[in-house]
Every structure is written in structure tokens, then in C-alpha cells.
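The next block holds one structure in the form of C-alpha cells; read it before the comments.
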Protein chains: 2
Amino acid sequence: MTDIKTGPNPLFLREEELRQAIEMLFFAYRDFTAEPDQILAQYGFGRAHHRVIYFIGRHPGITVSELLAILAITKQSLSRVLGQLVEEGFVAQRPGERDRRQRLLDLTGTGRELERRLTENQRKRFARAFREAGPEAVEGFHRVLFNIIDERNRGRFERREEGPGRARPARRAAGP
Amino acid sequence: MTDIKTGPNPLFLREEELRQAIEMLFFAYRDFTAEPDQILAQYGFGRAHHRVIYFIGRHPGITVSELLAILAITKQSLSRVLGQLVEEGFVAQRPGERDRRQRLLDLTGTGRELERRLTENQRKRFARAFREAGPEAVEGFHRVLFNIIDERNRGRFERREEGPGRARPARRAAGP
DNA sequence: TTTTTATGTCAGTCATGTTGACATATATGA
DNA sequence: TCATATATGTCAACATGACTGACATAAAAA
């Protein structure tokens, strides 16, 4: 029943390693969002505004549905936040060209400015962490975090080694 | 003004790498908490309850102040959540021995059970991610995430290579 | 004995999510 | 062309988990 010759129980070590990972993710996420949250508060905005600004900046001309799909919130939730951003001049909208029901979203100058200010903070935090941890650690970080994400959400981080324009075939559901 | 001979602008690549990291953290955290959130909902609890249960399980006999320090929320916020957990029999309290003002907190059997159920989910997710990414990646993940956390919160993750009981000297504030 | 500390409580507010129901304009297919 | 589906918006109500501010109590410490 009892291991002989082994020092501390390896199952315990594994358990401890996993708990450390869980806690690190908790503290990292909290510290990672704290400073942007403070900046946002100056504008009367919250973290939800940051997410909207971020993804519009990342995907100029994104539609409302696409944004909803990324954020995975209800349209009612988005509407409040997005409405404020439009009204206060951080986000501009224009009708879709092929489909005029769509609202295509873009950041205004002011919006880009705020986006830069918010994201620069988080970029710098990662830049520092990457620098201090070294390039191999960065690769490892990427690999682990990629596997933490639900499979259905990994598409945007897929490494494309294939030639351009070559759509990757849909991954089969796990199985033989 | 324009780089000759270099392919894609390396500054752009770096920017892209940093943005990917930012987004991965967002999606990972969301997916990581989604399943426990669903379990909690069955009990009428939320993520805040999970955090309280988790840290009481991790530090049996923890005081209210210590818990507040870890969670970094106000006592009013904690009080609601903790109150429910006590009332519904997931957390037990006893007065401190040396200081009878203190409330020492422990999980009950039911509490431990729920804690296990919640955390097992997250542990498994990390176990799978670690397995698929490999041990070197795990080390890298740890190094990067450690550096993402605010310095003042890193203590709990410090690798202690020194002998037991040997307190590590406080790190000097950066500077010459 | 006075002051500080650990904790609790009441009351109100805010940000961000939810559900459900219904409205409108446009696109698309039979 | 007409019917249906889609993209989006809006109103209303509610839940969670944070916040601030003010005040209360018991026990420890000076």
C-alpha cells in the first residue's frame, strides 16, 4: 500500500502542482486586469467596455453578431456597453455593404487612443514577463494555455504552417 | 526607413505575439471557469462562493482577515457569500484559540465534497493541458504566469530551494 | 483604562451578466 | 411575389458580486 523508497508522494506533488496552476491563473488574471480597470473607471467604463473596444480594434468592421460570438454574452448586455461607446464617440458604425442590416463597427480616433492606452498596459506586462521568462518559456506558456482553452475556441490561435489561402480541414471530433 | 532583407516586420510579429497572449488569457480564463460556474449554479452559488470554498479548503482554519487579504474584496462582499456558505452547512467556524475575536474557518464534509467536485474539474483541465503540452512547457507556463502576477502577490508561488525554516530575504525594490 | 483590532451589520449604489417578449428592416428562397 | 429567415434593436425585470459609508461589539494590547 505504501510506496517504498520514494520520497514525498508523487501524487501529492502533482496535486500541489495543479493547485498552484489554478491559483496562479486566478492571481494573474486579477492583476492583469486591475490597471486597465482603473483607467476605464476614469471614463466611467468597466471591463466590458475594454473587451468591446479591444475586439473592435482587433477586427475593424466587425459585425454585431461576430462580436457577440466572440464575447459570448447576450445582445442585451452588449447593447448597453456598445451603445455607450457609440454615444460617447469611441466607436463608429456604418451599414454593411452587401447586407445593409448589418452594423459594421470601427474605432474612432478617440477609441483607438483609449484602446492603445488600455492594451499597451497589458502588452507591456506580457512583454516584461516574456523577457524575464525567456523564449522557451513563452513557447511553453503558449502550448499550455492553448490546451486550457475549449477546443471550439482554439481556432483563432491555431498555428498555420500551411501555405496562405489553404484552409485547414476541420479537425475531427476526438475518436479512432 | 524601410528594412531591407527582413521579411515581415519583427515589431509587428512581436505585437501580434503579445496580442495573442492577451487574448489567450481571456479565453482560457473564461473557459476555465465556465464548468465550475454551472455546477455552482445548481446550488444557487456563484464564482465568489467557489473562491471562498477553495481558499478555505486550501488553508483550513484561515481567519476572516486572511481570507479577505487573499481575495482582495471588502468584508461586506465576503460576508454575504461566507454567510450563505455557513448557513447552508458548507463552512464551519470556531473562535480563535489565542485570539477569541477571530473566526477560524473550515470546510465541513459537504463543503469538502463540493470543493472537490469544483476543483477536480479545473485540476483535470490543467492535467490534460500539462500532459498534452509536455513538462518543459509546464515549466515555461509557470515562469511566464509567475511574472504576470504582481510582485507583491508572488510570495505564495516562490520556489523555495533553500533549506526549511530559512526565510528568504525580502527582495529589494528595483534599483541600484 | 483607553485604544486598537477583528469582525459584523445596515443601507444604498453600480457594473455586468441573465431571461423573455416583441419590433423592424432586409435578405433569401419557394 | 410572398413568406420566411436573419441581423439587429428595445423594453422590462432580475441576479450576482463588487463598491462606499456609517456604525456596533467584543476582545486584545498598550
Side-chain angles (χ1 to χ4, degrees), chain A residues 26 29-31 33-34 36-56 61-88 91-105 118, chain B residues 26 29-30 33-34 36-56 61-88 91-105:
Chain A
F26 168 64
Y29 193 78
R30 204 178 57 182
D31 291 349
T33 49
D37 282 356
Q38 282 197 308
I39 297 173
L40 287 155
Q42 297 166 5
Y43 295 78
F45 292 156
R47 199 175 298 175
H49 298 81
H50 186 183
R51 301 209 264 250
V52 170
I53 288 179
Y54 179 88
F55 284 109
I56 294 177
I62 192 175
T63 68
V64 171
S65 337
E66 286 163 351
L67 195 47
L68 283 173
I70 291 177
L71 297 174
I73 58 176
T74 58
K75 61 180 175 177
Q76 295 90 328
S77 294
L78 175 58
S79 147
R80 248 188 327 226
V81 171
L82 184 53
Q84 282 177 274
L85 289 172
V86 168
E87 195 175 335
E88 302 187 27
V91 170
Q93 30 184 329
R94 56 194 160 93
E97 287 153 26
R98 286 172 318 227
D99 187 338
R100 283 178 315 176
R101 291 172 302 181
Q102 295 179 329
R103 260 167 80 196
L104 307 188
L105 306 169
L118 294 168
Chain B
F26 167 65
Y29 193 79
R30 203 179 58 183
T33 49
D37 281 357
Q38 281 196 308
I39 298 173
L40 287 156
Q42 297 167 5
Y43 295 79
F45 293 155
R47 198 176 298 173
H49 299 82
H50 187 184
R51 302 209 263 249
V52 169
I53 288 179
Y54 179 89
F55 283 110
I56 294 178
I62 192 176
T63 67
V64 171
S65 337
E66 286 163 350
L67 194 48
L68 282 173
I70 290 177
L71 298 174
I73 58 175
T74 59
K75 60 179 176 178
Q76 294 92 328
S77 295
L78 175 58
S79 149
R80 249 190 325 225
V81 172
L82 184 53
Q84 282 176 273
L85 289 172
V86 168
E87 194 174 335
E88 302 186 26
V91 170
Q93 29 185 330
R94 54 193 162 92
E97 287 153 24
R98 288 171 318 229
D99 187 336
R100 287 178 312 178
R101 292 171 301 181
Q102 293 179 330
R103 258 168 81 195
L104 306 189
L105 305 169

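All values derive from a computational prediction rather than experimental measurement. A, B, ... follow the sequence lines: proteins, then strands. Residue 1 opens every chain.
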For this session: Name the residue closer to the 5' end of DNA chain C, choosing between A:Val81 and B:Leu104 according to the nucleotide with the nearest heavy atom.
Result: B:Leu104

Exercise. Given atom NZ of B:Lys75 and atom C1' of D:dC19, what is their separation to the nearest angstrom?
Worked result: 14 Å

For this session: Write down the distance between CD (A:Gln42) and C1' (C:dA15), rounded to a whole number of angstrom.
Result: 17 Å

For this session: Go through C:dG17, C:dT4, D:dC19 for me and flag the one nearest to the B:Thr74 side chain.
Result: D:dC19

Exercise. C:dC10 P sits how many Å from B:Leu78 CG, rounded?
Worked result: 16 Å

For this session: Grab the CZ-C1' distance between B:Arg100 and D:dA27 for me, whole Å please.
Result: 7 Å

Problem set entry | Interatomic distance where CZ belongs to B:Arg51 and P belongs to D:dT16 [whole Å] | 15 Å

For this session: May I ask you to verify if any side-chain N or O of B:His49 is less than 4.0 angstrom from the OP1 or OP2 atom of D:dT16?
Result: no

Problem set entry | Side-chain-base donor-acceptor pair under 3.5 Å for B:Arg47 and D:dA18 | no

For this session: State whether B:Ser77 places a side-chain N or O below 4.0 Å from either non-bridging phosphate oxygen (OP1 or OP2) of D:dC19.
Result: yes

Exercise. Is A:Gln42 atom CD crowded by more than 12 heavy atoms from other residues, nucleotides or ligands, each under 6.0 Å away?
Worked result: yes

Problem set entry | Proximal nucleotide (of D:dG17, C:dT18, C:dT5) relative to the B:Ala48 side chain | D:dG17

For this session: Answer whether the closest heavy-atom distance between the side chains of A:Leu82 and A:Leu105 falls below 4.5 Å.
Result: yes

Seminar exercise, completed: Per atom distances to the B:Asp99 side chain, the nearest of C:dT9, D:dT10, D:dA28 is D:dA28

Exercise. Does A:Ile62 reach the side chain of A:Ile70, with side-chain heavy atoms less than 4.5 Å apart?
Worked result: yes

For this session: Calculate the interatomic distance between A:Tyr43 atom OH and C:dA15 atom P; express it in whole Å.
Result: 17 Å

For this session: Answer yes or no: is there a side-chain heavy-atom contact under 4.5 Å between A:Lys75 and A:Val64?
Result: no

Exercise. Rounded to whole angstrom units, what separation is found between the NE2 atom of A:His50 and the P atom of C:dG17?
Worked result: 14 Å

For this session: Tell whether B:Gln76 reaches the base of C:dG12 with its side chain through a donor-acceptor pair below 3.5 angstrom.
Result: no

Problem set entry | Note, A:Glu88 side chain near A:Tyr43 side chain (heavy atom, < 4.5 Å) | no

Problem set entry | Rounded distance in Å - CZ (B:Arg98) to P (C:dT5) | 17 Å

